[in-house]
Amino acid sequence: MFKAAAYALGEIGPDGSRSLVKAYNSSKYQPERDWVGLRADFLKALGRTKDVKQVEFLIDRAARDHEDEILRAAGIALGHFDEAKQKVRKNIVKELVKKLNEIFNKSRQSVDPGDPVMARAKYTLAAIERDWNQTLRKLTGQDFKTAPEWQRFYNKNKGKNWDR
């Protein structure tokens with residue numbers, strides 16, 4: 001029932017976004033790991049509202065959450081802003097590329113195969129990379145597969161017009 005309500009709120013646009021953010025932040029769904037899937041659904045629905053006022057909230061979830069499913073969902077949600085103004089899209093791309101590179105670098109930081117930080121980063125990268133790449137493709141019109149490729153593209157093109 002909660003998932004269906006989240007989906008419906010995502011379809012009604014900006015009016016639904018406030019309710020989705022409120023539900024996501026509700027203490028009812030915070031303490032238990034059992035609610036991660038539902039909170040991820042709230043984020044995906046929030047993206048479908050295309051409410052530009054919620055972009056920073058979604059970027060914050062993508063950049064700071066510790067749950068892979070939340071990171072993945074926030075990245076997917078940000079992909080719905082492919083028709084937003086260029087400034088908004090560039091900000092999303094900048095933050096996603098920065099986080100993707102951070103995770104990528106952690107996944108390759110050690111030669112010790114037992115390094116828990118590296119192992120965790122590899123797991124996170126595997127969980128989010130495909131969906132974040134898809135979001136980055138939608139926002140930029142480019143097709144890269146790795147974090148360093150996205151970083152090079154962004155560094156070379158951040159000051160250029162992406163809408164040509």
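Note that the structure is predicted; figures quoted are calculated from it, not measured. Start at 1 with the first residue, then count along the sequence.
- Atom CG of Asp82 and atom CG of Leu136 lie 12.0 Å apart (nearest 0.5 Å).
- The pair Glu95-Lys98 counts as a salt bridge, with a side-chain nitrogen and a carboxylate oxygen less than 4.0 angstrom apart.
- With hydrogens and angles ignored, the 3.5 Å screen pairs a side-chain donor or acceptor of Glu149 with a backbone N or O of Thr146.
- Ring pair Tyr154/Trp162 is perpendicular by interplanar angle, where above 60° counts as perpendicular and below 30° as parallel.
- With a 6.0 Å radius and a threshold of 12 heavy atoms from other residues, nucleotides or ligands, Arg130 has its CZ atom at or below the threshold.
- Between Val55 and Leu58, every side-chain heavy-atom pair lies at or beyond the 4.5 Å cut-off.
- No path of Ile, Leu, Val, Met, Phe, Trp and Tyr side chains, each step under 4.5 Å between heavy atoms, connects Leu71 with Tyr123, placing them in separate hydrophobic clusters.
- Rounded to the nearest 0.5 Å, atoms CG (Asn101) and CH2 (Trp150) are 12.0 Å apart.
- Side-chain contact between Lys145 and Asp143 is present, with at least one heavy-atom pair separated by less than 4.5 Å.
- Taking 4.5 Å as the limit, every side-chain heavy atom of Asn157 sits out of range of all side-chain heavy atoms of Thr140.
- The shortest side-chain heavy-atom distance between Asn105 and Gln109 does not fall under the 4.5 Å cut-off.
- In this structure, Asp60 contributes its side chain and Glu56 its backbone to no donor-acceptor pair below 3.5 Å.
- Proximity of a side-chain donor or acceptor of Thr135 to a complementary backbone N or O of Gly75 within less than 3.5 Å is detected.
- At least one donor-acceptor pair closer than 3.5 Å links the side chain of Arg89 to the backbone N or O of Ala84.
- Using a 4.5 Å heavy-atom cutoff, the side chains of Leu46 and Tyr24 are not in contact.
- In the hydrophobic cluster analysis, where Ile, Leu, Val, Met, Phe, Trp and Tyr join through side-chain heavy atoms closer than 4.5 angstrom, Val52 is grouped apart from Ile76.
- Looking only at distances, no side-chain donor or acceptor of Lys44 sits under 3.5 Å from a matching main-chain atom of Ala73.
- Summarising the local packing, NZ of Lys122 is surrounded by 12 or fewer heavy atoms from other residues, nucleotides or ligands at distances under 6.0 Å.
- Cluster membership check: Ile128 shares its hydrophobic cluster with Phe104, using side-chain heavy-atom separations under 4.5 Å among Ile, Leu, Val, Met, Phe, Trp and Tyr.
- Taken from CZ in Arg120 to CG in Asp115, the straight-line distance is 13.5 Å, to the nearest 0.5 Å.
- In this structure, the separation between OG1 on Thr124 and CD on Glu102 is 10.5 Å, given to the nearest 0.5 Å.
- Side chain of Lys90 to backbone of Lys158: a donor-acceptor contact under 3.5 angstrom is found.
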Considering only distance and modelled atom types, tabulate donor-acceptor pairs under 3.5 Å from the side chains of residues 12-23, sequence neighbours left out.
unit_1, atom_1, unit_2, atom_2, d
Asp15, OD1, Arg18, NH2, 3.4
Ser17, OG, Pro14, O, 2.8
Ser17, OG, Asp51, OD2, 2.5

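- Side-chain contact between Phe144 and Gln151: absent, with no pair of heavy atoms (C-beta onward) separated by less than 4.5 Å.
- Using modelled atom types, no side-chain atom of Asp65 and backbone atom of Arg61 make a donor-acceptor pair closer than 3.5 Å.
- Atom CG in Leu139 sits 10.0 Å away from atom CD in Gln134 (nearest 0.5 Å).
- Criterion: ILVMFWY side-chain heavy atoms under 4.5 Å apart, direct or through other members. Under it, Leu100 and Met118 are not part of a common hydrophobic cluster.
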